[in-house]
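A short worksheet on the structure shown next.
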Amino acid sequence: MKSYLSIFSDAAKLRAKGNAYILASLERAGLKGIVPSHGDVMVQLFTKGTCNMGDLARSVKRSKSTVTVLVDKLEKAGYVRKECDPKDSRGILVSLTEKGLELEPIFEEISEGLNQLITENLTEEEIKTLERLLKKCVD
């Protein structure tokens, strides 16, 4: 058997560990209707405010159809609202509701926990190298 790099296997294990942390954190916070795949969408909305659906999909590097499903679930749970884009008759604007805005401190806490989870055994130099290499792999 040829030897292989365990990068994807290790990345999958890290993702599973992160998802378990996120789910446990969401449960502790008593949040319903939010799953790890909503994170990127919510962070973009926390950062940018109202976003066009197409721009949102590009920002989170997902297909429009995937983002539509994620946004629809968030809307159903009352965290976001959708409205027609006055600048584009086919476009949809997505923004956070008051309920959605209230989640920002919880998301910040979860993000800090995820950062600690991945960096607790690394030096500052290793963290910078890992971040640089991962960005290079996914961009």
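With hydrogens and angles left out, the side-chain atoms of Asn115 and Thr119 include no donor and acceptor closer than 3.5 Å. Side chains of Arg132 and Thr129: no donor on one and acceptor on the other come within 3.5 Å. Looking only at atom types and distance, the side chain of Ser63 has a donor-acceptor partner in the side chain of Thr66 under 3.5 Å away. A donor-acceptor pair shorter than 3.5 Å can be found between the side chains of Lys48 and Ser59.
Side-chain atoms of Ser6 never come within 3.5 Å of backbone atoms of Ser9 as a donor-acceptor pair (strictly under, hydrogens ignored). Judged by distance alone, the side chain of Thr97 and the main-chain N or O of Gly78 form a donor-acceptor pair under 3.5 Å.
Between Leu93 and Cys84 the shortest heavy-atom distance is CD1-O, 4.2 Å. Between Val67 and Ala57 the shortest heavy-atom distance is CG2-CA, 3.6 Å. Closest approach of Gly91 to Asn52, counting heavy atoms only: CA-ND2, 4.3 Å. Nearest approach of Leu96 to Arg81, heavy atoms of both residues: O-NH2, 3.4 Å. In terms of heavy atoms, Leu26 sits closest to Ile34 at CD1-O, 3.6 Å. Pairing each heavy atom of Ile22 with each of Ile110, the nearest pair is CG1-CG2, 4.0 Å.
For the pair Asp85 and Arg90, the salt-bridge criterion is not met [side-chain N within less than 4.0 Å of a carboxylate O].
Taking the side chain as every heavy atom from C-beta outward, Tyr79 and Val41 never approach each other to under 4.5 Å. At least one side-chain heavy atom of Ile106 sits under 4.5 Å from a side-chain heavy atom of Leu31. Residues Leu45 and Ser95 have side chains not in contact (no heavy-atom distance under 4.5 Å, counting atoms from C-beta outward). The closest side-chain heavy-atom distance from Val69 to Asp72 is not below 4.5 Å.
Annotation: the span from Arg58 atom CZ to Asp55 atom CG amounts to 4.5 Å, rounded to 0.5 Å. Separation of atoms CZ (Phe107) and CD (Glu102) is listed at 13.0 Å; rounding is to 0.5 Å. To the nearest 0.5 Å, atoms CG (Leu103) and CD (Glu109) are separated by 12.5 Å. Leu70 CG to Met53 CE: the interatomic distance, rounded to the nearest 0.5 Å, is 9.5 Å. In this structure, CG in Leu114 is found 11.0 Å from NZ in Lys17, a value given to the nearest 0.5 Å. Rounded to the nearest 0.5 Å, atoms CG (Asn121) and CD1 (Ile127) are 10.0 Å apart.
Leu122 and Leu133 are not part of a single hydrophobic cluster, where members link through side-chain heavy atoms under 4.5 Å apart. Put simply, Met42 and Leu101 are part of the same group of oily side chains (I, L, V, M, F, W, Y) that touch within less than 4.5 Å, one to the next.
Within a 6.0 Å radius of NZ in Lys99, more than 12 heavy atoms belonging to other residues, nucleotides or ligands are found. In the displayed structure, Lys73 atom NZ is contacted under 6.0 Å by at most 12 heavy atoms of other residues, nucleotides or ligands. Glu120 CD: more than 12 foreign heavy atoms inside a 6.0 Å radius.
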Hey, mind stepping through Leu56 and Val71 against side-chain contact (heavy atoms from CB on, under 4.5 Å) and telling me if it holds?
CA-CA 10 Å; Leu56 186 56; Val71 167; 4.0 Å; yes
